[in-house]
Structure formats: C-alpha cells, structure tokens
Amino acid sequence: MEGQYDNRGQTVKLLPQIERRFSCTDFLDEPVGDQDITLILDAGRRAPSAKNRQAWRFIVINDSETKKGIQNAAFGQEHVGSASLIIALCTTNIDYRMPNGQLSYPIDISIASAFMLLQAESLGYATCYISTYDETKVREIVSVPYSMKVVMLLLVGKAGSRGLPKEKKSLHEVSSFNHW
Ligand SMILES: Cc1cc2nc3c(=O)[nH]c(=O)nc-3n(C[C@H](O)[C@H](O)[C@H](O)COP(=O)(O)O)c2cc1C
C-alpha cells in the first residue's frame, strides 16, 4: 500500500497528514476557529531555526477587505481571497548566513511554515503555499517594516473539494545511501 513500508518486521506508515495533503485551490466560506489559529501559529513558533534565532513574524490575515487586497497583490488568484486565513510568513532579518554560506531566513521560514501546514492538516484544514505575489504591495497592506520581508504566504481553510495528492517522483529517483 502507498506509504507503508516493512521496517524490521514492523509495518510503519507515513503520517496521514503527509499522505493526504494537497495544495488546495477551492476553499469553503468557513472560518478557522480562534483556538485552531493559535495551534497553527504555535506549531510554527516551536519550529527549529538556525541558532534558534526565531527571526520571524507570522501575520494572520482573516479580515475580508485585507484578504481582497492580498488577492489583488497576488495577481487576482481566487483561492487567495477565498481561503479563510492567509498567513504572511515574514522574516525579521534578511542578512544572517549560516556557516555553510547560505541565508538562513528562507530555510527557517520554510520549516516553520511546514510545521504550520501539518498542524493545519491535522486539524482538518487544507492549505496552499503562495509565492506569486507582488511583495511590495503585500508589505504595504500588512505594514511590514523596512528591511523585513514577506517570504511566503500560506492559505488555510476548509477544502470545498478534496484534490488528489499529486504524482511524486519515486523514492528511488530522489534518494540514495552514502553516495549521490
Ligand atoms: C515555494 C512554493 C511556492 C508556491 N507558490 C504557489 C502559488 O503562487 N500559487 C499556487 O496556487 N500554488 C503555489 N504553490 C503550490 C505548488 O504549486 C504545489 O505545491 C505543487 O504543484 C505540488 O502540488 P501539491 O502541493 O499538491 O503536492 C507553491 C508551492 C511552493 C512549495
């Protein structure tokens, strides 16, 4: 069965949230409860970050007018305006590089947002990452200070229709042991 592997005689399974997740473009007009919002944000807050710097700010956008503005800034993508929540994942530092020379903020924000996405899935919500937006416009709408960035948007809401998880490359194609 998909996602089940024999591990030393034991059957282990992927997290159901990982197995069923898909990028949703069809959201119902239903709010995300306050407690659920807190749980989703808390999942992001607890994520690992380089040197535990936690250089992030998560802006929850659930006001209809503001969502409309973000939809416009996202070149009119309808699901952006129809999701119950848009979480603007912002960094408070764009300069810090890790010892491997790479910038930490895209990685830190990716991990925090993945934690949020899985928490949202486990609460029965669907999600979608959005990177297609005019960052200058989004910054203006949610008053992001100079020198900080809106790295990504995460949509959360109840799915109108459940899409099928997309076809993914095989494990064999994308992984190996000990050598490339
Ligand atoms: C970094 C990133 C940026 C994305 N940007 C957008 C976007 O702007 N609009 C959108 O509808 N989906 C966006 N997506 C969703 C991808 O299209 C989707 O993850 C991909 O097609 C695989 O489908 P799946 O998430 O259902 O597995 C983005 C996903 C990622 C990870």
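All figures in this text were calculated on a predicted structure; none of them were measured in a lab. Every number for a ligand or one of its atoms is a count from 1 in the order of the listing.
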request  = Please check if the side chain of Ser49 supplies one atom and the backbone of Gln54 the other of a donor-acceptor pair under 3.5 Å.
outcome  = yes

key: Expected output: side-chain Asp108 to main-chain Ala55 donor-acceptor under 3.5 Å   = no

message = Closer than 3.5 angstrom, by distance alone: can the side chain of Lys67 be matched with the main-chain N or O of Ala83 as a donor-acceptor pair?
response = yes

query = Does one hydrophobic cluster hold both Leu15 and Val156, with members joined at side-chain heavy-atom distances below 4.5 Å?
reply = yes

request  = Say whether Tyr129 and Ser113, considering side chains only, have a donor N or O and an acceptor N or O under 3.5 Å apart.
outcome  = yes

key: Residue pair Tyr125 / Asp36, side-chain donor-acceptor N/O under 3.5 Å   = yes

Protein residues having a heavy atom less than 4.0 Å from any atom of ligand 1 = Arg21, Phe22, Ser23, Gln77, His79, Cys128, Tyr129, Ile130, Ser131, Thr132, Met152, Lys166, Lys168

